[in-house]
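Side-chain atoms are counted along with the backbone in the values below, which use heavy atoms only and exclude waters and symmetry mates. All chains are named by letter (A, B, ...) in the order of the sequence lines, taking the proteins before the strands, and each is independently numbered beginning at 1. Everything numeric here is computed off the predicted structure, so don't read it as measured data.
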Amino acid sequence: MPMAFNLASDFDRALKAAAAAAGLEDASDFVPEVRTADARHGDFQANGVLGYAKARKLNPRATSEKIVAQLSGEVRDRCEITIAGPGFINFTLKPAALLEWLRTFSTREALAAGAAAAHAGQTWLVDYSSPNTAKQMHVGHLRSAVIGEAICRTLAFTGARVIRDNHLGDWGTQFGKLIHGYKRWANPAALAADPIEELERLYKLGHNATPDGSPELDEARRELVKLQNGDPENVRLWQKFTEESRLAFQQIYDRLGIRFDHFLGESFYNDKVDRVYRELGETGIAQESEGALVVFHPEHPRFKTQPFIVRKADGASNYASTDLATALYRAEHLHADGIVIVTDFRQADHFEQLFLTVKKWFTAKAYRVPELHHVSFGAVTGEDGKALKTRSGDVIRLKALLDEAEERAFAIVTEKNPDLPESDRRDIARIVGIGAVQYADLAQNRSSNYLFSWDKMLALEGNTAPYLLYAVARIHSIFRKAAVRPDDPAIEGIAIIPETPTEIALARKLTKFPDAIRLATESLRPHYLCLFLFELAGDYSSFNNADKVLVEDPPIRARRLLLCARTLLILDTGLQLLGLRTLTRM
RNA sequence: GCGGUGGUAGCUCAGCCGGAUAGAGCAACGGAUUUCUAAUCCGUCGGUCGUGGGUUCGAGUCCCGCCCACCGCGCCA
């Protein structure tokens, strides 16, 4: 029997089969609940017998013993199995089984093939980043971009075809104000030098010049109507705003390793909302209320009275209208089996209402209903818990944050490695600095608010990207010194089973990679992967400190090189899934 | 008022459908190394898990009440 990729699921299946073989009553209801265990109790632990036995008034220990007695020979050969406490079943992989797993999953392709079962044959669309055009991206835009990209990569790794869609905020009332400001105060020189900076300035001028109830606001609205009606001058301006914005955004995306498949912004759906109104009306899902078209959800405690406004009383579309049209387009034309939308938590109500409405609408029209997920994340706040500002009162620009990260990393590289040529030090600083920013965001559970501090974001020790990248660089260094490649088959040929405590701890950790991938993907929470990689790098560092790799004895040297090679493979793969780049020296 | 999210060590955070003695990083303190890169490793210190009840063999985790913080709730996105 071949070695399973995810050992936890493998033991889960084995226990279910053993329960049936043992003749347990309702054996099909027995859920083994295998999970990775505290290392003190072995590698994997099954808790399910306790609940099963309790419901049937059986002795849990005796039940566990009956099940374990029926476990297949392969499982018994691979593990030490013990029954502990009230009836936990503990599996501890034998060193020979560890070596077997490491030999089986020896390449990124092998790992990906093992992971691909989760989403094979499915198409997932991820809507993330989604900034407003004609404005700079600031730190508030970081989380969606970084978390969204990590989710795209983990979904792709687990077998999905992934469509990356940037749902730009490129339509709506703000463009009336921007055109108003542009036509009065545009500075051609500034526009040529730094277009987004100038457009943002003009938008602010336009906004301040058009207070509620003012004749200027009416004028801005007329500019918007002209744009919507195809006025050539305003359409040309709008196109210019969009192009300049996309060029500026791409500079940030390039630094973060992000490449979108589509930029289908709100404007794209402008002519697709009439169908939404018609179908929601004819199916009776939407109704007129106070002049607007709204959807109530009578079965929902809150949304039975809190309306989802689908069309404004003045007949214009809003966020809800275009999001409904967007959902339909993604299901109908992009054939999405799953849709993931990455925005901050303040929009949770909106998406809950949107998804309820989409499900009713698609069901009524017999459209296939995709799996819908709102991946929300907490706000970025300053030390005082309030929205983040610089001293001058402006929000911190994303570009400035990334620049600062690279500068700080450059100072450290220069201090550590003054002899490297400057261009090398710059390259290293780029990867370390940007990686630190990405990792700082990803390592935290996305639900909680994000407390921004330069020192935390740019920390270079502890649970940070540099710690992981450093482990990778040290492994490369060993292979350079040994003058072999990590994938050299000769290593595997003579490697013997791991023996020292640090070797075994490292090997055991490596076999837990599939479970980390599963957790991160199922919950759409990349921090589970970060946690695993940090622990793996820690186990590697301990091993690196305790066991010299390049010893004379060929089999010992080979087994340690094998551990180095697999640690490198999994760290590289995992960091790449998070959207980070790695280094061969630093 | 209704609802969402959160409250765990001095600080920043993990804790995976309830499971074994609650874990990291930073900070503080002590130790290892003239190395396969010390951006490292080992150790010490540090917590009535907001609070009061309840369910359970077992609760940081589930249920109910209360307190605190941030956020959302009819035409912004």
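A:Gln306 places its CD atom 11 Å from the C1' atom of B:G4, with the value rounded to the nearest Å. Here B:A39 presents its C1' atom at 13 Å from CG of A:Asn544, a figure rounded to the nearest Å. The OH atom of A:Tyr450 sits 20 Å away from the C1' atom of B:C71 (whole-angstrom rounding). Here B:U40 presents its P atom at 12 Å from CG of A:Leu469, a figure rounded to the nearest Å. Taking atom OH of A:Tyr540 as the reference point, atom P of B:A39 lies 14 Å away to the nearest angstrom. In this structure, CD of A:Gln353 is placed 14 Å from P of B:G4, rounded to the nearest angstrom. Atom CG of A:Leu529 is separated from atom P of B:C16 by 17 Å (rounded to the nearest Å). The CD1-P distance, from A:Ile83 to B:A20, rounds to 18 Å in whole Å.
The listed nucleotides are B:A77, B:A20, B:U40; the one nearest the side chain of A:Asn545 is B:U40. Closest to the side chain of A:Asn445, out of B:G15, B:G72, B:U21, is B:G15. When the nucleotides B:C75, B:A27, B:C41 are ranked by their closest atom to the side chain of A:Glu461, B:A27 comes out on top. The nucleotide whose nearest atom lies closest to any side-chain atom of A:Pro307 is, among B:C41, B:G74, B:C36, B:G74. Counting only heavy atoms from C-beta on, A:Ile309 has its side chain closest to B:C75 among B:G4, B:C75, B:A77. For A:Gln444, taking side-chain heavy atoms from C-beta onward, the closest of the listed nucleotides B:C13, B:C41, B:C16 is B:C13. Relative to the side chain of A:Phe345, the nucleotides B:C16, B:A39, B:C71 differ in distance, and B:C71 lies closest. The side chain of A:Arg346 sits closest to B:C71 out of B:C71, B:C17, B:A39. With distances taken from any side-chain atom of A:Lys416 to the nucleotides B:A39, B:A77, B:A20, the minimum falls on B:A39. Which of B:C75, B:C36, B:A77 sits closest to the side chain of A:Lys312 comes down to B:C75.
A cation-pi geometry, defined here as NZ or CZ lying under 6.0 Å from the six-membered ring centre and within 45° of its normal, holds between A:Arg311 and A:Tyr277.
Defined by atom type and a distance below 3.5 Å, a donor-acceptor pair is missing between the side-chain atoms of A:His141 and A:Ser129. A:His138 and A:Gln136 share no donor-acceptor pair across their side chains, judged by distance under 3.5 Å alone.
Residues A:Arg581 and A:Leu469 share a closest heavy-atom pair of O-CD2, 3.4 Å. Considering every non-hydrogen atom in both A:Gly87 and A:Ser64, the closest pair reads O-OG, 2.8 Å.
Residue A:Ala348 is out of contact with every strand shown, counting any heavy-atom pair closer than 4.0 Å. Residue-level contact check: A:Val413 touches the bases, meaning some heavy atom is under 4.0 Å from a base atom. The residue A:Phe308 sits apart from the nucleic acid: no heavy atom pair falls under 4.0 Å. A:Glu266 comes within 4.0 angstrom of sugar-phosphate atoms only, judged by non-hydrogen atoms across all strands, and of no base. Residue A:Asp547 is in base contact, counting any heavy-atom pair closer than 4.0 Å across all strands shown. Within 4.0 Å of A:Gln45, counting heavy atoms only, lies at least one base atom of the nucleic acid. Nucleic acid contact for A:Asn47: base, since at least one base atom lies under 4.0 Å from a heavy atom of the residue. Within 4.0 Å of A:Ala84, counting heavy atoms only, lies at least one base atom of the nucleic acid. Base contact: A:Ser289 has a heavy atom under 4.0 Å from a base atom.
Rounded to a whole angstrom, the distance from the P atom of B:G30 to that of B:A69 is 41 Å. Rounded to the nearest Å, the gap between the P atom of B:U8 and that of B:C45 is 23 Å. Between B:C71 and B:A77, the two C1' atoms lie 16 Å apart (nearest whole Å). Using atom P as the reference point in both B:G23 and B:G47, the two lie 14 Å apart (nearest Å). Across the P atoms, B:G15 and B:G52 are found 25 Å apart, a figure rounded to whole Å. Between B:C49 and B:G60, the distance separating the two C1' atoms is 5 Å to the nearest Å. Using C1' as the reference atom, B:U55 and B:U61 are 14 Å apart when rounded to the nearest Å. Nucleotides B:A22 and B:C13 are separated by 14 Å at their C1' atoms, to the nearest Å.
Taking side-chain N and O atoms only, A:Tyr319 has no distance below 4.0 Å to OP1 or OP2 of B:A77. Side-chain nitrogen and oxygen atoms of A:Arg40 include at least one within less than 4.0 Å of the OP1 or OP2 phosphate oxygen of B:G23. Within the 4.0 Å cut-off from OP1 or OP2 of B:G15, at least one side-chain nitrogen or oxygen of A:His527 is found. Residue A:Ser448 places none of its side-chain N or O atoms closer than 4.0 Å to OP1 or OP2 of B:G7. Close to B:C2, at under 4.0 Å from its OP1 or OP2, lies no side-chain N or O of A:Lys304. Here A:Thr305 does not reach the OP1 or OP2 of B:C2: none of its side-chain N or O atoms lies under 4.0 Å away. At least one side-chain nitrogen or oxygen of A:Arg35 sits closer than 4.0 Å to the OP1 or OP2 atom of B:C17.
If you check distances only, the side chain of A:Gln347 never reaches the base of B:A77 with a donor-acceptor pair under 3.5 Å. Put simply, the side chain of A:Asn90 and the base of B:A20 share a donor and an acceptor less than 3.5 Å apart. Taking only distance into account, the side chain of A:Ser447 never meets the base of B:G6 through a donor-acceptor pair shorter than 3.5 Å.
The distance between the ring centers of A:Tyr319 and A:His350 falls below 6.0 angstrom. Taking the six-membered ring where the residue is Trp, the centroids of A:Phe303 and A:Phe296 are separated by 6.0 Å or more.
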Using Watson-Crick and G-U wobble pairs whose two distances are both under 3.5 Å, how do you write the pairing of RNA chain B as dot-bracket, with | for links to another strand?
(((((((..((((.....[...)))).(((((.......))))).....(((((..]....))))))))))))....
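Using bins of under 30°, 30° to 60° and over 60° for the plane-to-plane angle, the ring pair A:Tyr269/A:His167 lands in the tilted bin.
Electrostatic pairing of A:Asp515 and A:Lys512 does not count as a salt bridge here, judged by no charged N lying under 4.0 Å from a carboxylate O. Salt-bridge formation is detected for the pair A:Arg302/A:Asp349: a Lys NZ or Arg NE/NH1/NH2 atom is positioned less than 4.0 Å from an Asp or Glu carboxylate oxygen.
Map A:Gln174 and A:Thr584 each onto its nearest nucleotide of RNA chain B; the residue landing nearer the 5' end is A:Thr584. Comparing A:Leu519 and A:Lys54 against RNA chain B, the residue whose closest nucleotide sits nearer the 5' end is A:Leu519.
Expressed to the nearest 0.5 Å, how far CZ of A:Arg560 lies from CD of A:Glu503 amounts to 4.5 Å.
Open room surrounds CZ on A:Arg485; 12 or fewer heavy atoms of other groups in view lie less than 6.0 Å from it.
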